[in-house]
Amino acid sequence: METVKDNTARTFMELMRVPVQFYRTIGEDIYAHRSTNPLKSLLFKIYLYAGFINFNLLVIGELVFFYNSIQDFETIRLAIAVAPCIGFSLVADFKQAAMIRGKKTLIMLLDDLEDMHPKTLARQKEYKLANFEKTMKRVINIFTFLCLAYTTTFSFYPAIKASVKFNFLGYDTFDRNFGFLIWFPFNATKNNLIYWIVYWDIAHGAYLAGIAFLCADLLLVVVITQICMHFNYISMRLEDHPCNSNEDKENIEFLIGIIRYHDKCLKLCEHVNDLYSFSLLLNFLMASMQICFIAFQVTESTVEVIIIYCIFLMTSMVQVFMVCYYGDTLIAASLKVGDAAYNQKWFQCSKSYCTMLKLLIMRSQKPASIRPPTFPPISLVTYMKVISMSYQFFALLRTTYSNN
């Protein structure tokens with residue numbers, strides 16, 4: 001893992017490196033508007049849309065397979081097995097659609113954050129950038145590993161298993177199986193040529209879904225980390241301000257600057273909600289069902305399937321926890337601004353200064369947050385509710401399946 005060098009200032013683009021580079025592997029260029037090569041941008045866009053057309057055809061195949069499986073109780077287990085994959089695919093699709101729909105908002109958000117980013121090493125130390133970056137990178141590394149581990153194991157385990165059996169264990173035939181349960185309008189295992197073409201087509205679709213799912217959340221992590229850093233800096237400035245009673249003009253000018261700074265941070269939070277609110281609503285609704293179905297597979301399958309689905313389960317739970325953790329952190333950082341304002345020696349200042357400070361405290365009592373429609377602000381309480389709902393679905397599913 002890359003560490004923060006004490007003698008080097010970190011640019012905003014360095015913090016954005018992981019999601020930007022991963023996005024480009026599927027053809028999504030967040031900074032296409034800055035590109036000086038229109039042909040390269042066009043090729044990226046063609047690659048992206050071609051990939052998502054292929055991916056959505058595979059999702060349709062999963063949905064058809066699911067529909068066929070629920071027609072008979074004997075094959076209901078197959079429907080339960082494919083259900084979490086469908087949920088993951090739909091969330092990835094919706095996240096990418098949200099990014100495309102809100103591209104102007106995203107560009108505006110990232111440009112504003114880049115402008116506000118402390119440029120010099122001395123300023124970055126004042127903002128405590130290294131501390132925020134350290135936590136952010138740990139979260140990014142863990143979630144990236146889990147997300148790619150899930151798509152990799154599902155994609156390549158069947159081929160690796162079949163190769164080991166055929167080449168090393170002396171089996172007479174090569175088992176032509178896929179990692180995902182998908183209906184095809186043709187025989188996809190008819191011969192080796194068709195099988196491997198379809199296999200790599202599915203592998204690319206799985207990778208594209210994994211990256212679309214992963215990078216939307218990595219962008220959220222980077223953006224919320226930056227906003228929390230700015231809220232924290234505002235709090236430190238307020239607490240450290242001397243509030244000298246003989247310098248009322250300087251005090252008011254300082255507070256006006258802080259209020260404008262605080263208002264800009266709140267507007268950035270609204271941009272985040274414009275981008276993510278609906279995709280996170282679907283994310284949490286699907287997560288409850290996904291965790292339920294995955295848990296069922298873990299308790300009712302063979303050891304090798306249990307291992308694969310355990311990775312999927314960990315990915316789903318970590319993803320929900322990560323979003324809830326950063327939602328909780330954002331709420332705490334914005335509330336801290338009001339506490340810092342109150343902890344000033346405001347009683348030494350003029351009445352006009354105290355009035356302005358009072359307005360700042362009142363505004364900070366309505367914390368910045370990530371708010372999906374019809375949901376309360378996302379926090380760690382949301383995580384507990386999602387896990388609780390998943391367990392209720394799981395218990396119902398186990399009881400229903402056992403009784404039949």
S.K.: Could you walk me through whether Asp111 and Arg34 pass the salt bridge (Lys or Arg N to Asp or Glu O under 4.0 Å) test, one step at a time?
M.R.: CA-CA 11 Å; Asp111 286 349; Arg34 298 184 184 180; 2.9 Å; yes
S.K.: Heavy-atom count around Tyr342 OH within 6.0 Å, excluding the residue itself: above 12?
M.R.: no
S.K.: Using the side chain to side chain contact (heavy atoms under 4.5 Å, CB included) definition, which of the options Glu14, Met13, Gln21 pairs with Arg17?
M.R.: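 Exactly one option meets the side chain to side chain contact (heavy atoms under 4.5 Å, CB included) with Arg17, and it is Gln21.
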S.K.: Decide salt bridge (Lys or Arg N to Asp or Glu O under 4.0 Å) for Glu239 and Lys336; before the verdict, give the C-alpha distance in whole Å, the side-chain angles of both, and the deciding distance to 0.1 Å.
M.R.: CA-CA 10 Å; Glu239 285 188 340; Lys336 188 179 176 184; over 6 Å; no
S.K.: Nearest 0.5 Å, please: how far is CD1 in Ile331 from OH in Tyr326?
M.R.: 15.0 Å
S.K.: Pairs under 3.5 angstrom only: tabulate donor-acceptor contacts from the side chains of residues 42-53 to other protein residues two or more places apart or in another chain.
M.R.:
unit_1	atom_1	unit_2	atom_2	d
Tyr47	OH	Thr25	O	3.2
Tyr47	OH	His204	NE2	3.3

S.K.: To the nearest 0.5 Å, tell me how far Glu133 CD sits from Tyr127 OH.
M.R.: 16.0 Å
S.K.: Tell me which donor-acceptor pairs under 3.5 Å the side chains of residues 287-294 have, and how far apart each pair is, sequence neighbours excluded?
M.R.:
unit_1	atom_1	unit_2	atom_2	d
Ser288	OG	Phe284	O	3.3

S.K.: Can you tell me how far apart CD (Gln392) and OG (Ser390) are? Round to the nearest 0.5 Å.
M.R.: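 The distance works out to 9.0 Å.
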S.K.: So, do Leu330 and Phe231 sit near enough that their side-chain heavy atoms are less than 4.5 Å apart?
M.R.: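 Yes, at least one pair of side-chain atoms sits under 4.5 Å.
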S.K.: When rounded to the nearest 0.5 angstrom, what distance separates CD1 in Ile86 from CG in Leu58?
M.R.: 12.0 Å
S.K.: Are side-chain N/O atoms of Arg176 and Asn191 paired as donor and acceptor at under 3.5 Å?
M.R.: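 No, no side-chain donor-acceptor pair sits under 3.5 Å.
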S.K.: In terms of the angle between their ring planes, are His241 and Tyr353 parallel, tilted or perpendicular, with boundaries placed at 30° and 60°?
M.R.: parallel
S.K.: Tell me every residue that passes ring-ring contact (aromatic ring centres under 6.0 Å, His included) with Tyr195, counting only those two or more places apart in sequence or in another chain.
M.R.: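 With sequence neighbours excluded, Tyr195 shows a ring-ring contact (aromatic ring centres under 6.0 Å, His included) to Phe178, Tyr199, given in chain and number order.
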S.K.: Inspect the surroundings of NZ in Lys190 and state if more than 12 heavy atoms from other residues, nucleotides or ligands are less than 6.0 Å away.
M.R.: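 Open: at most 12 neighbouring heavy atoms sit under 6.0 Å from NZ of Lys190.
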S.K.: Would you compute the distance between atom OG of Ser316 and atom CZ of Phe321 and round it to the nearest 0.5 angstrom?
M.R.: 15.0 Å
S.K.: Should Leu15 and Leu129 count as side-chain neighbours, where that means a heavy-atom distance under 4.5 Å?
M.R.: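 A side-chain contact under 4.5 Å exists here.
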S.K.: Strictly distance-based, threshold 3.5 Å: is any side-chain N or O of His33 a donor or acceptor partner for the main-chain N or O of Lys104?
M.R.: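 No; zero donor-acceptor contacts below 3.5 Å.
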S.K.: Name every donor-acceptor pair, under 3.5 Å, that has one atom in a side chain of residues 369-381 and the other anywhere in the protein, sequence neighbours excluded.
M.R.:
unit_1	atom_1	unit_2	atom_2	d
Arg371	NH2	Glu270	OE1	3.2
Arg371	NH2	Glu270	OE2	3.2
Ser379	OG	Val381	N	3.3

S.K.: Do Met286 and Phe94 touch side chain to side chain, with heavy atoms closer than 4.5 Å?
M.R.: no
S.K.: To the nearest 0.5 Å, how far apart are CZ in Phe254 and CD in Glu250?
M.R.: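 One finds 12.5 Å between CZ of Phe254 and CD of Glu250.
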S.K.: Return all side-chain donor-acceptor pairs below 3.5 angstrom for residues 213-223, not counting sequence neighbours, or 'none' if the list is empty.
M.R.:
unit_1	atom_1	unit_2	atom_2	d
Asp217	OD1	Lys95	NZ	3.1
Asp217	OD2	Lys95	NZ	2.7
Asp217	OD2	Gln319	NE2	2.8

S.K.: For the residue pair Cys310 and Val298, establish whether any side-chain heavy-atom pair is separated by less than 4.5 Å.
M.R.: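 A side-chain contact exists here, since the closest heavy-atom pair is under 4.5 Å.
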S.K.: Mind checking whether Asn251 and Ser350 have side chains closer than 4.5 Å, heavy atoms only?
M.R.: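 Contact flag for Asn251/Ser350 side chains = no.
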S.K.: Give every donor-acceptor pair under 3.5 Å between a side-chain atom in residues 142-151 and any protein atom, sequence neighbours left out.
M.R.:
unit_1	atom_1	unit_2	atom_2	d
Thr144	OG1	Ile140	O	2.6
Thr151	OG1	Cys147	O	3.4
Thr151	OG1	Leu148	O	3.1

S.K.: Can you confirm whether Met314 is buried at CE, in the sense that more than 12 heavy atoms of other residues, nucleotides or ligands lie under 6.0 Å from that atom?
M.R.: no
S.K.: Quick one: are Phe186 and Val198 in side-chain contact, heavy atoms under 4.5 Å?
M.R.: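 In contact.
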S.K.: Do Ser89 and Phe55 have side chains that approach each other closer than 4.5 Å (heavy atoms only, starting at C-beta)?
M.R.: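 Yes, close enough: below the 4.5 Å cut-off.
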S.K.: For atom CH2 of Trp200, is the number of surrounding heavy atoms from other residues, nucleotides or ligands below 6.0 Å larger than 12?
M.R.: no
S.K.: More than 12 heavy atoms of other residues, nucleotides or ligands under 6.0 Å from CZ of Arg260: is that the case?
M.R.: no
S.K.: Does a side-chain heavy-atom distance below 4.5 Å link Met229 with Tyr233?
M.R.: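 A side-chain contact under 4.5 Å is absent here.
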